Peer 1: 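Below are the structure tokens for one structure; questions will follow.
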Amino acid sequence: METIFREAGMQPLIMELLTRRAWFRADQTEELEGVLQKAGSKTLPEVALIRGGYISEGEVARIYAEDLFLPMVPSSIEAGEADKEAGGLLPEKLCLERLFCGYRVRDDVLDVLFVSPEEMGAVDELELMTGLRINPMIAPLSVVQSRLDALFKSAENAKGIGEGGDSFDVPEVEEHPDENILNLDATPPADANGRIVRMVNQILEQALRNNASDIHLEPFEDGCKFRLRIDGVLHELPSPSKTAFVMIVSRLKVLAKMDIAEKRIPQDGAIALRTGEKRVDLRVNTVPTVHGEKMVMRILDKGAIPLNLMGLGFDQRQSTDLMESIHSPYGLALVTGPTGSGKSTTLYSCLNQLNDAKVNICTVEDPVEYKFKGMNQVQVKAQVGLTFASALRAFLRQDPDIIMVGEVRDQETAEICLRAALTGHFVLSTIHTNDALSAVTRLQDMGIEPFLLSCALRLLEAQRLVRKLCTHCKEPYEVTDELAEAHNLTPGELLYRPKGCLQCRRLGYRGRIGVFEVIRITPRLTNLIQKRAPLDQLRKAAREEGMKMLFDSALTKVREGLTSLEAALSVTMAEEE
């Protein structure tokens, strides 16, 4: 019987082990071949034999444990005894298809129950997916099945870590019917490329499940690294072999419509994907390094753009000042902050408030990250002469009401923005400065006259993203006298700090929230800008008119228990020194 199965190229591991034990009679050979062929490739051989009554599930588990020296979970275990949080670390679809499940977490080790050792080839993928070391264990079929039923009987239990947080209304987004969208829920092909397709899908699913903002795939001399930026901090995942890494990057380049043969120059591309009812876009960039191509993917989740500005983290005064300013018939509003501080999200939220059939909205961006209905969006193409400045000049002949410029990078762009703001248009843009009022001195350094600047400016806004404390495990503590004196706090005041639990991957933080500095240009500030007042005088005047600086806003969120003092100081201390 062993020879017949091997010649057919289909002998499963369980059949090899049972043949060595002379488990079956010689006249059962053809019957067993028929049973396995009828079961098909989607049914595990062990399951087919158990359901056919040829062997019990307990005997299958015992044989695997004895012959392969694998730890075994007894059939007497109750489904409820296993850790449900550990089970939620693995995706439902993969567990149900391949009959395995998470059992328990011990430090950085996740015990996983398998019915068949042949499915243990997924261990590398599971480590990549969870960031934990996988310890495979053998369990009887009924144990795994009851565990799966307990875990995934409701949609709530099927959710993985990293989901949750604030829910936002999704703005109306334009979707092209001919767009090629990657469906992460589709079953990978069964051919030789299926493993790479599955690994790519699992990298993307892991990033989405943990609310990552970026995916980094980096080659090095002795291997490679996969990292996710979660809540602003990079976290390393278990990495595959260098050969698999090259194949994964190639697969992603194909999806992003890049030239797969070109590895000498940087490339840009985009991937649209869908999981369930959720649509997500990826902005993909590759750069050649000395050890190969490095790829970074920025995750652009349209569902993360709230229609209500309060959902971003603005307080009531800041939200009111911002809303009243952007509804001005003309003027200039500037959003400032470093890369990755959420400037685009704030701008799009403002545009959502202004998007109406009665107004003509034109945007020029590099790149166009989100495509919205009702807005005329232009992509910068410097190689053909389509720059921010040239697009702005064209916009002024297109009868616009509202103009959004991706970034003020030079004097020419700044001058055209000011000209538009002074001639009946409302202009929104971004500029790279450390805080809101520094934009005034930056524009003056570009050669913008103070009297023009003071007439055009309506609003300056600066922002940072600060990590939110995990609500499941944050712990209170009292402020010491030394800490209170250093940071303008009250001795004995109750604050919160991170602790770490399974819900937040033992980081103590889960999600991020905005810290804002909203400066509405009042008559007093207008007068100071005209006189070229120094930056410290502008800040003092803004504070005296009740406006919060970045540090003040961060401190408020610390007192509210939303973040820790350490996290707040990490994004605001430089501005306060």
Side-chain angles (χ1 to χ4, degrees), residues 10-24 28 31-106 109-123 125-126 129-130 132 134-160 187:
M10 57 175 290
Q11 186 175 29
L13 176 61
I14 185 64
M15 294 305 302
E16 286 191 27
L17 298 180
L18 292 176
T19 300
R20 292 174 191 169
R21 291 170 177 254
W23 194 271
F24 300 111
Q28 287 182 297
E31 179 183 349
L32 290 170
E33 282 184 320
V35 168
L36 295 178
Q37 288 176 356
K38 186 177 179 180
S41 60
K42 292 188 176 180
T43 302
L44 293 179
E46 297 86 346
V47 176
L49 294 176
I50 291 169
R51 289 174 179 171
Y54 296 98
I55 190 171
S56 71
E57 60 176 31
E59 289 168 333
V60 169
R62 179 177 57 80
I63 289 170
Y64 278 144
E66 289 177 357
D67 287 27
L68 304 178
F69 303 101
L70 290 169
M72 177 180 167
V73 172
S75 58
S76 59
I77 184 175
E78 296 291 335
E81 290 180 33
D83 184 353
K84 287 192 174 183
E85 290 182 322
L89 295 174
L90 303 179
E92 176 182 1
K93 182 172 180 289
L94 199 61
C95 290
L96 294 177
E97 280 183 357
R98 304 176 71 172
L99 284 182
F100 56 70
C101 60
Y103 175 46
R104 65 189 172 195
V105 175
R106 299 174 290 114
V109 176
L110 172 63
D111 292 332
V112 178
L113 305 185
F114 290 86
V115 172
S116 170
E118 297 201 49
E119 295 303 319
M120 291 180 187
V123 164
E125 299 167 24
L126 298 182
M129 186 181 306
T130 62
L132 300 172
I134 301 299
N135 177 45
M137 304 177 73
I138 287 293
L141 174 62
S142 62
V143 172
V144 174
Q145 195 62 65
S146 61
R147 175 89 176 109
L148 291 172
D149 291 342
L151 282 170
F152 302 121
K153 62 184 178 183
S154 68
E156 181 63 29
N157 287 338
K159 288 185 179 180
T187 302

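As the structure is a computational prediction, the values presented were derived from the model and not from experiment.
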Peer 1: Under the side-chain contact (heavy atoms from CB on, under 4.5 Å) rule, collect the residues that match up with A61, sequence neighbours excluded.
Peer 2: M72, I138, P140
Peer 1: Could you walk me through whether E57 and V47 pass side-chain contact (heavy atoms from CB on, under 4.5 Å), step by step?
Peer 2: CA-CA 8 Å; E57 60 176 31; V47 176; over 6 Å; no
Peer 1: Looking only at atom types and distance, does a side-chain atom of E46 sit under 3.5 Å from a main-chain N or O of V115, one as donor and one as acceptor?
Peer 2: no
Peer 1: How would you list, by chain and number, every residue that makes a side chain to side chain donor-acceptor pair (under 3.5 Å) with R106, sequence neighbours excluded?
Peer 2: D111
Peer 1: Is the shortest side-chain heavy-atom distance between Y103 and N135 below 4.5 Å?
Peer 2: no
Peer 1: Once rounded to the nearest 0.5 Å, what's the spacing between atom CG of L13 and atom CG of L68?
Peer 2: 5.5 Å
Peer 1: Taking the side chain as every heavy atom from C-beta outward, state whether L126 and L110 have any atom pair closer than 4.5 Å.
Peer 2: no
Peer 1: To the nearest 0.5 Å, how far apart are CD in E118 and CE in M120?
Peer 2: 10.5 Å
Peer 1: Could I get the full list of ring pair (Phe, Tyr, Trp, His ring centres under 6.0 Å) partners for F114, not counting sequence neighbours?
Peer 2: F100
Peer 1: Is the shortest heavy-atom distance from the side chain of L141 to the side chain of V60 under 4.5 Å?
Peer 2: no
Peer 1: Looking only at heavy atoms, which two atoms of L90 and C95 are closest? And how far apart?
Peer 2: CB-SG, 3.6 Å
Peer 1: Run the side-chain contact (heavy atoms from CB on, under 4.5 Å) test against L96 and tell me which residues pass, sequence neighbours left out.
Peer 2: E92, L148, F152
Peer 1: Just to verify, what does E119 make a side chain to side chain donor-acceptor pair (under 3.5 Å) with, not counting sequence neighbours?
Peer 2: R98
Peer 1: Got R104 and V109 here, is their nearest side-chain heavy-atom distance under 4.5 Å?
Peer 2: no
Peer 1: Which residues satisfy the salt bridge (charged side-chain N to carboxylate O under 4.0 Å, His left out) test with E66, sequence neighbours excluded?
Peer 2: R21, R62
Peer 1: To the nearest 0.5 Å, what is the distance between CG (D67) and CG (L17)?
Peer 2: 5.0 Å
